[in-house]
Amino acid sequence: MARILFSVVVGFILARLCQCANSTLGLPDPLSLPPSQYWDGDDGPWSTFLVQVGTPPQQVRLLPATGESSTWVVLPEGCTSTGPVDCPNLRGFEFSINLSSTWQNNAIYQLNLYEESALGYTANAKYGYDTLTLGIDGKGLPTLEHQIIAGIATEEFYLGNLGINPRPLNFSDLNDPQPSMLHTLRNQSMIPSTSWSYTAGGYNHVPRTYGSLVFGGYDTSRFVANNITFNFAPDISRDLLPAVQSITTNISNTPLLSTPIYAFIDSLIPDIWLPLKACHAFEQAFGLGWDNTTESYLVNDSFHSTLLQKNPFVTFNIGPDFTGDSVSIRMPYWAFDLTATYPLVANNTRYFPLQRADNDTQYTLGRAFLQSAHLIVDYERSNFSISQALFPNTSVSQNLVRILPPPTVINGITPPSNSPKGSQERSLSAGAIVGIVVGSVLAGILITTGIFLLVAKRSKNPYDDGGNTAPAILVDDELELGGTPAARPGVQGVASLPLKVREMEASIPTRVGLEGSVEQVKDSDTKE
Ligand SMILES: *[C@@H]1O[C@H](CO)[C@@H](O)[C@H](O)[C@H]1NC(C)=O
Ligand SMILES: *[C@@H]1O[C@H](CO)[C@@H](O)[C@H](O)[C@H]1NC(C)=O
Ligand SMILES: *[C@@H]1O[C@H](CO)[C@@H](O)[C@H](O)[C@H]1NC(C)=O
Ligand SMILES: *[C@@H]1O[C@H](CO)[C@@H](O)[C@H](O)[C@H]1NC(C)=O
Ligand SMILES: *[C@@H]1O[C@H](CO)[C@@H](O)[C@H](O)[C@H]1NC(C)=O
Ligand SMILES: *[C@@H]1O[C@H](CO)[C@@H](O)[C@H](O)[C@H]1NC(C)=O
Ligand SMILES: *[C@@H]1O[C@H](CO)[C@@H](O)[C@H](O)[C@H]1NC(C)=O
Ligand SMILES: *[C@@H]1O[C@H](CO)[C@@H](O)[C@H](O)[C@H]1NC(C)=O
Ligand SMILES: *[C@@H]1O[C@H](CO)[C@@H](O)[C@H](O)[C@H]1NC(C)=O
Ligand SMILES: *[C@@H]1O[C@H](CO)[C@@H](O)[C@H](O)[C@H]1NC(C)=O
Ligand SMILES: *[C@@H]1O[C@H](CO)[C@@H](O)[C@H](O)[C@H]1NC(C)=O
């Protein structure tokens, strides 16, 4: 009798403890978005992820975009009759607006490309709202209604993108921020915190390994943990801005980068943009030749064989500051061995994903870098970490770890006793609100301001060798969706915004007053 009583009591206590543990956390598990198992892109190949858009759902394969708040899908206008017959598949499948009963049209706007415009990227998109399902049916991943969708036709970005930044967009009114997908996931308690982790995987790695994308947590099997934490940079549109302290390679004693720089991490673009001097050092160390016509480092077959034989690796030493602690990210030659395909080039061409930056606004660590690096970003603590990526065999199972919100953020729930010590409450209540406002202000300004440089970039399209067969976007659509805005008034103003959160707070009313109205690029030819 006593034993039974004992076990009942113990059982009860255990159950309570367990329940308590769960309800104390009261938080969902992280969501891992499985890779599409396809390798896509005209400058990759890259590991894409599947989502479904619209009703009935249309499947598309997308790349994660670390700085974007909307989901970009390729419209049928992106595949013209002059293109290859398998264009829709090459572009990760099209989304036909007129086949979705839940599409709510907004209008055509310039894509929200603040950072990338400094690199010469710009394009328009047909914006609207539609239902977004992560992954494929039956995997238990969420379906979110009324998500911001940007339909693209431009070839500036060949694949669609899944925006994973939580900042909202506000199209026509700075007071009406439109929530991002990540924010929606968090708001609907589908993820434990506003955070994600991403590594791009590696097509050339043996064994070939898909990318990993987890919302609200991370997969410990995908990186070598370190204890270095980076705080967000003050400019929220350049939040992921670590210092590259040095770059070295094992085939030369000369450092590739001797003067530290800050470089923006951006998964939307493929290349690594470094100062000219660093590019010259790469040229010397590897024997790379800059191709004036395509403005890129092309790699021919014989040179590729030489490089394979030398098997060099490049080490990026990355830290929060120019000096002090750093993480070493080793990037082997395979991660630099990318292939440009149609329509970037007529014939497949190997290229080394290094670009010459003119100034510090262009220093960027693009997707190529994220093959070797793993990124964890926590928007509730405003910090992130960079780690050496791992490429586990498929036999190695995921080990997902939840990122908890800072204690004060768990609404009405007692903070878990095992919460990280000294967690940073600071970043939320004020921070989030300011962030949202700032985000919408910036988004508004971005949409308002024209995006410059396009003309320059067009003629400077790295792979446009003049007479190649890249299909032109339909003229009508060129005006709307592939169009080339000529001027970008006010960009300097944006760049010089007071960027510290406190200052930002003070400056908002002025900004709104000055630049508050967001204008459309063009009235949309709406579906309705
Ligand atoms: C607590 O959570 C774990 C893992 O999420 C689950 O396996 C377990 O059943 C939960 N326990 C209770 C009492 O809900
Ligand atoms: C849907 O739109 C595409 C172009 O976007 C067009 O070719 C097609 O005819 C349209 N279909 C219907 C049913 O309207
Ligand atoms: C979700 O957003 C709504 C509207 O902004 C808000 O009222 C609600 O409290 C949010 N829920 C959570 C869990 O954040
Ligand atoms: C971080 O890691 C380094 C090297 O592993 C170690 O020396 C240091 O004590 C660690 N710091 C903390 C705060 O854990
Ligand atoms: C550089 O490192 C790679 C990988 O460890 C090795 O295969 C290669 O031989 C090294 N090259 C030189 C010049 O040390
Ligand atoms: C291949 O590229 C290397 C390095 O850019 C160059 O020196 C060599 O001449 C090229 N070979 C051919 C056949 O083009
Ligand atoms: C490439 O362009 C630069 C600047 O436009 C010029 O100085 C250089 O001579 C060119 N190189 C070749 C090989 O054409
Ligand atoms: C592409 O390859 C074909 C066949 O090898 C060749 O005839 C053609 O000139 C090449 N085109 C370019 C632009 O190199
Ligand atoms: C940086 O370089 C780009 C490209 O040359 C140029 O458009 C931009 O104005 C420069 N920015 C600054 C701050 O000098
Ligand atoms: C953010 O800061 C907290 C508290 O210092 C730390 O525990 C956490 O590891 C950091 N997150 C990342 C992604 O570095
Ligand atoms: C991983 O796969 C490689 C090649 O497929 C194999 O050589 C290696 O033994 C595997 N390692 C583990 C731990 O399964």
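Model, not experiment: these values are computed from the prediction. As the structure lists them, so they are numbered: ligands from 1, and atoms in each ligand from 1.
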May I ask you to decide if Val224's main-chain N or O and Gln388's side chain share a donor-acceptor pair within less than 3.5 Å?
no
Should you measure from each heavy atom of Asp358, which atoms of ligand 9 turn up under 4.0 Å away?
2 (O), 4 (C), 5 (O)
Closer than 4.0 angstrom, basic N to acidic O: yes or no for Glu283 and Arg356?
yes
Counting only N and O atoms by type, is there a donor-acceptor contact under 3.5 Å from the side chain of Asn359 to the main-chain atoms of Thr361?
yes
Counting C-beta onward and ignoring hydrogens, is there a side-chain heavy-atom pair between Leu288 and Trp290 closer than 4.5 Å?
no
Hey, which atoms in ligand 9 end up nearer than 4.0 Å to a heavy atom of Asn359?
1 (C), 2 (O), 3 (C), 8 (C), 10 (C), 11 (N), 12 (C), 14 (O)
Below 4.0 angstrom from a heavy atom of Thr361, which ligand 9 atoms are there? Numbered from 1 as shown, please.
1 (C), 11 (N)
For Tyr38, does the OH atom have more than 12 heavy-atom neighbours from other residues, nucleotides or ligands under 6.0 Å away?
no
Any sub-3.5 Å donor-acceptor pair from Asp219's side-chain atoms to Asn399's backbone N or O?
yes
Is Asp301 salt-bridged to Arg350, going by a charged N under 4.0 Å from an acidic O?
yes
Anything under 3.5 Å between an N or O on ligand 6 and a protein N or O? List each pair with its distance, or write none.
residue: ligand 6; atom: 2 (O); partner: Asn300; partner atom: OD1; Å: 3.3
residue: ligand 6; atom: 2 (O); partner: Asn300; partner atom: ND2; Å: 2.4
residue: ligand 6; atom: 11 (N); partner: Asn300; partner atom: ND2; Å: 2.7
residue: ligand 6; atom: 14 (O); partner: Asn300; partner atom: ND2; Å: 3.1

